[in-house]
Every structure is written in C-alpha cells, then in structure tokens.
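Index from 1, following the sequence.
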Amino acid sequence: MTDFAHVGTLVGKPVPDFTAQAVMPDNSINAQFNLKSYLHGSYGWVFFYPLDFTFVCPSEIIAHDHRLQQFTAANTKVIGISVDSQFSHLAWKNTPQNEGGLGNVQFPLVADLKKTIARSFGVLIEDAGVALRGSFLIDKAGMVRHATINDLPLGRNVDEALRMIDALQFHEEHGEVCPAGWTKGKKGMEASPKGVASFLKENAEAL
C-alpha cells in the first residue's frame with residue numbers, strides 16, 4: 001500500500017532543510033548544497049519529479065527553465081529534485097533536447113538518492129521509491145506558503161507557479177487577500193465581511 005501519510009502537511013510550517021549533492025547551472029557539482037543557505041533573502045520554488053530520463057519530467061523541467069527570467073524577476077530561486085544521482089542529472093543536462101534531454105537548464109538539480117528529502121517533504125511513494133510531482137512555494141522567512149502534489153501522469157502548469165508567487169507577494173505588500181482567478185494587476189479583496197461584499201458586488205458574475 002502506498003504511504004501518503006505526510007502529504008499536505010507542510011503549508012504554514014518551516015520548510016524542511018537539507019544538504020545534498022546538486023548539479024549547478026554551470027554544470028559544476030556542489031557536494032554541500034544547502035537549501036536554506038541557497039534561498040537566503042529569496043523566495044523559493046522547490047519541485048520534485050520522479051526520475052531522470054523519463055517522459056513527462058523533461059517537459060516540466062524545461063518549462064521551468066523557459067520561465068526562469070520571470071522567477072528571477074520575482075526574487076524566486078527554482079530548485080528541482082529527484083531520487084537520481086548528481087551524475088545522472090549531469091548526463092541528462094548534457095543530452096540534447098531533441099534526443100529527450102534537458103539541455104543546459106539554469107537552476108540546481110538536487111540528488112536525493114537516499115530519498116530522505118522527498119520523504120521529509122511528504123512526496124515519496126514508498127513502495128515505488130520515487131517522488132510524486134510535488135511543488136512548494138517558500139517565503140523569505142523559510143515558511144511553506146503553497147503546495148501542490150500531482151500524481152505521476154499529470155504534468156504541472158508552471159504559469160500557475162508564477163501566479164501563486166505573484167499572489168503571495170501581493171498579499172505581503174498590500175495586506176489584501178487574492179480571490180479566485182486573481183492575476184497580477186487585478187484588485188485584491190479586504191479580508192472582512194465588508195470586503196467580500198464589495199468584491200462580489202463588482203465581480204461575482206465574472207467568477
């Protein structure tokens with residue numbers, strides 16, 4: 001039986017810290033990559049994927065890389081993690097995209113051979129030995145503020161990751177909450193009975 005006992009428990013809690021081997025953007029191997037040190041002063045977007053050299057995974061990793069400038073503009077560092085070794089990560093980066101590889105993606109890929117990181121984030125499928133497609137938004141205080149977990153066949157929408165970062169930063173700046181479908185540039189909502197009534201009066205039909 002698959003163990004999902006810890007899934008969904010991290011939001012509102014400190015992100016689990018770790019130190020591990022990681023392939024860096026310049027293809028060097030950092031044997032002491034530490035999550036909290038790397039994120040110091042930044043937001044973080046940490047995502048898990050099942051395995052190198054598989055099928056849905058390269059599309060997700062490349063989609064993150066294509067939007068890296070937008071993550072950077074939002075002061076957010078991206079980190080990918082799987083249960084593969086750092087050598088497998090590097091070999092996949094060195095494989096051209098038209099041959100099923102990643103190409104030279106420009107964010108760290110962390111090796112979790114012992115599966116301790118995936119387990120601490122609650123995304124490890126114990127009987128399969130791989131991670132679900134978990135994504136975690138971490139604020140500058142090191143708290144997990146958003147998490148999604150997809151089953152293995154279901155690829156993520158990376159634009160939704162950017163929307164959630166925008167929403168968190170809007171809330172932090174303005175103190176308002178973000179209603180359904182909120183995107184950057186739209187109005188927020190005052191978190192009060194008066195605020196929700198005012199918002200719904202203007203926007204309920206469009207929801």
Worksheet entry | Arg145 with Asp139: basic N within carboxylate O range, under 4.0 Å | yes
Discussion item. Would you say that Phe48 contacts Val83 through its side chain, given a criterion of any heavy-atom pair below 4.5 Å between the two side chains?
Written reply: no
Worksheet item: Between the side chain of Asp65 and the main-chain N/O of Gln106, is any donor-acceptor distance below 3.5 Å?
Response: yes
Item to complete: May I ask you to decide if Ile117's main-chain N or O and Asp112's side chain share a donor-acceptor pair within less than 3.5 Å?
Response: yes
Fill in: Pro16 to Leu35 - nearest heavy-atom pair and separation
O-CD2, 3.5 Å
Worksheet entry | Thr116 side chain vs Lys114 backbone, donor-acceptor pair below 3.5 Å | no
Discussion item. Less than 3.5 Å apart, any donor N or O on the side chain of Thr148 or Arg156 sitting next to an acceptor on the other?
Written reply: no
Fill in: Check: Val15 and Leu10 side chains under 4.5 Å, non-hydrogen atoms
no
Discussion item. Return the NZ to CD distance between Lys93 and Gln86, rounded to the nearest 0.5 Å.
Written reply: 13.5 Å
Worksheet item: Closest approach of Ala111 and Ser85, non-hydrogen atoms and distance?
Response: CB-C, 3.7 Å
Discussion item. Counting C-beta onward and ignoring hydrogens, is there a side-chain heavy-atom pair between Phe53 and Thr95 closer than 4.5 Å?
Written reply: yes
Fill in: Verify same cluster id: Tyr49, Leu51 (apolar side-chain graph, 4.5 Å)
no
Discussion item. Restricting to non-hydrogen atoms, name the atom on Pro179 and the atom on Phe199 that form the minimum distance, rounded to 0.1 Å.
Written reply: CG-CZ, 3.3 Å
Worksheet, complete the sentence: d(Ile165 CD1, Leu137 CG) to nearest 0.5 Å is 5.5 Å
Item to complete: Would you give the length of the straight line joining atom CD of Gln169 to atom SG of Cys178, rounded to the nearest 0.5 angstrom?
Response: 11.0 Å
Item to complete: Check Leu154 against Glu60 and note the closest heavy-atom contact, atom names and distance.
Response: O-OE2, 4.2 Å
Item to complete: Can you measure from OG (Ser59) to CG (Leu102) and round to the nearest 0.5 angstrom?
Response: 10.5 Å
Discussion item. Donor-acceptor pair, distance only, cut-off 3.5 Å: does the side chain of Arg133 make one with the backbone of Leu152?
Written reply: yes
Fill in: Note, Gln21 side chain near Ile29 side chain (heavy atom, < 4.5 Å)
yes
Worksheet item: Is there a side-chain contact between Leu162 and Trp45 (heavy atoms, below 4.5 Å)?
Response: no
Worksheet item: Does a sphere of radius 6.0 Å around CZ in Phe87 hold more than 12 heavy atoms from other residues, nucleotides or ligands, not counting ones at 6.0 Å or beyond?
Response: no
Practice prompt. Rounded to the nearest 0.5 Å, what's the gap from CD on Glu202 to NZ on Lys187? Could you check?
Written response: 5.0 Å
Worksheet item: Parallel, tilted or perpendicular: which fits the ring planes of Phe71 and His64, with parallel below 30° and perpendicular above 60°?
Response: parallel
Fill in: Side chain to side chain, Trp182 and Phe170, heavy atoms closer than 4.5 Å
yes
Worksheet item: If Ile, Leu, Val, Met, Phe, Trp and Tyr residues are connected whenever their side-chain heavy atoms lie under 4.5 Å apart, and connections chain through other members, are Phe47 and Val123 in the same group?
Response: no
Discussion item. Check Glu126 with Lys115, please: is the shortest side-chain N to carboxylate O separation under 4.0 Å?
Written reply: no
Fill in: Closest contact, heavy atoms only, Asn157 versus Asp159
OD1-N, 2.9 Å
Worksheet item: So do the side chains of Ser120 and Phe18 get within less than 4.5 Å of each other, counting heavy atoms only?
Response: no
Worksheet entry | same_hphob_cluster(Phe136, Leu109) at 4.5 Å side-chain heavy-atom cutoff | no
Fill in: Cluster overlap Ile61 with Ile81, hydrophobic side-chain contacts below 4.5 Å
no
Worksheet entry | Distance (rounded to the nearest 0.5 Å) between Lys186 NZ and Asn203 CG | 8.5 Å
Worksheet item: Between Asn34 and Asp17, does a side-chain contact (heavy atoms from CB on, under 4.5 Å) hold up when you go through it step by step?
Response: CA-CA 7 Å; Asn34 178 260; Asp17 196 17; 3.3 Å; yes
Item to complete: Say whether Ile79 and Val105 are linked into one hydrophobic cluster, either directly or through other cluster members, by side-chain heavy-atom distances under 4.5 angstrom.
Response: no
Discussion item. Minimum heavy-atom separation for Thr54 and Trp92, please, with both atom names.
Written reply: N-CZ2, 4.1 Å
Discussion item. Counting neighbours of NE2 on His174 that are heavy atoms of other residues, nucleotides or ligands and sit closer than 6.0 Å, is the number greater than 12?
Written reply: yes
Practice prompt. For the residue pair Asp84 and His89, confirm or rule out a side-chain donor-acceptor distance under 3.5 Å.
Written response: no
Practice prompt. Could you tell me whether the side chain of Phe33 reaches within less than 4.5 Å of the side chain of Met24, counting heavy atoms only?
Written response: yes
Worksheet entry | Donor-acceptor under 3.5 Å (Lys77 side chain, Ser42 main chain) | no
